Amino acid sequence: EVQLQASGGGLVQAGGSLTLSCKVSGFTSDDYAIGWFRQAPGKDREGISCISVSDGGTYIAESVKGRSAISSDNTKNTVFLRMNNLKPEDTAVYYCAGYATVSEYGCSPYWGTMRYWGKGTLVTVSS
């Protein structure tokens with residue numbers, strides 16, 4: 001059974017940084033992808049990043065590009081999302097999600113592609 005556990009959320013001041021972690025278990029090989037999504041109050045869920053664990057290929061959405069980075073530590077089965085220069089509009093519940101068998105074109109940041117979801121972690125950015 002695939003399980004994902006996101007952690008690392010909290011309250012941070014604008015301009016600050018945060019690293020979210022997604023602990024992954026249950027995939028039977030390293031051919032899987034993990035995505036990070038967020039949902040702010042009253043807004044749709046937004047895919048902001050993904051990583052193909054087997055080859056390290058990544059995607060970063062324009063909304064966070066230049067101040068975010070996704071990485072994985074395969075020895076710890078953990079995917080990280082580092083976010084810098086946080087803004088109040090980054091306030092949201094952040095979720096990690098995953099699916100197996102990544103295409104040759106790389107990971108997909110779309111929620112409909114994800115098969116497994118973890119519970120969210122709340123990030124609040126104060127102005």
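Bear in mind the structure is a predicted one, so any value in this text is a computation, not a measurement.
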Which residues share a salt bridge (Lys or Arg N to Asp or Glu O under 4.0 Å) with R67, sequence neighbours left out: D90
Salt bridge (Lys or Arg N to Asp or Glu O under 4.0 Å) partners of E62, counting only residues at least two apart: K65
Spatial distance of atom CH2 (W36) from atom CG (L81) [nearest 0.5 Å]: 6.0 Å
Name all pairs fulfilling the disulfide (SG to SG under 2.5 Å) condition that reach into residues 70-127, sequence neighbours left out, sorted by first residue then second. C22-C96, C50-C107
Atom pair OG (S52) and CD1 (I34), whose distance is rounded to the nearest 0.5 Å: 10.0 Å
Flag the pair W117 / F37 as yes when their ring centroid distance falls below 6.0 Å, and as no otherwise. yes
CZ (R82) and OG (S17) are apart, to the nearest 0.5 Å, by 4.5 Å
Does Y32 have any ring-ring contact (aromatic ring centres under 6.0 Å, His included) partners at least two apart in sequence or in another chain, and if so, which? F27
Would you say I48 and V125 are hydrophobically clustered, going by side-chain heavy atoms of ILVMFWY under 4.5 Å? yes
Stepwise, does the side chain to side chain contact (heavy atoms under 4.5 Å, CB included) test hold for V12 with S126? CA-CA 6 Å; V12 62; S126 63; over 6 Å; no
Apply side chain to side chain contact (heavy atoms under 4.5 Å, CB included) to residues S108 and Y99 and explain how you reach the verdict. CA-CA 9 Å; S108 167; Y99 65 97; 3.7 Å; yes
Is there a side chain to side chain contact (heavy atoms under 4.5 Å, CB included) between I70 and I60? Walk through the geometry before answering. CA-CA 8 Å; I70 188 170; I60 299 286; 4.1 Å; yes
Rounded to the nearest 0.5 Å, the CZ atom of R45 sits from the CE atom of M114 at a distance of 11.0 Å
Hydrophobic cluster identity match, V102 and V2, side-chain contacts under 4.5 Å: no
Any M83 side-chain heavy atom under 4.5 Å of V64 side chain: yes
I'd like to check the side chain to side chain contact (heavy atoms under 4.5 Å, CB included) partners of D73; sequence neighbours left out, ordered by chain and number. T75, K76, F80
Salt bridge (Lys or Arg N to Asp or Glu O under 4.0 Å) filter on E46, not counting sequence neighbours, yields R38
Step-by-step side chain to side chain contact (heavy atoms under 4.5 Å, CB included) determination, V123 to L20: CA-CA 9 Å; V123 173; L20 304 180; 4.0 Å; yes
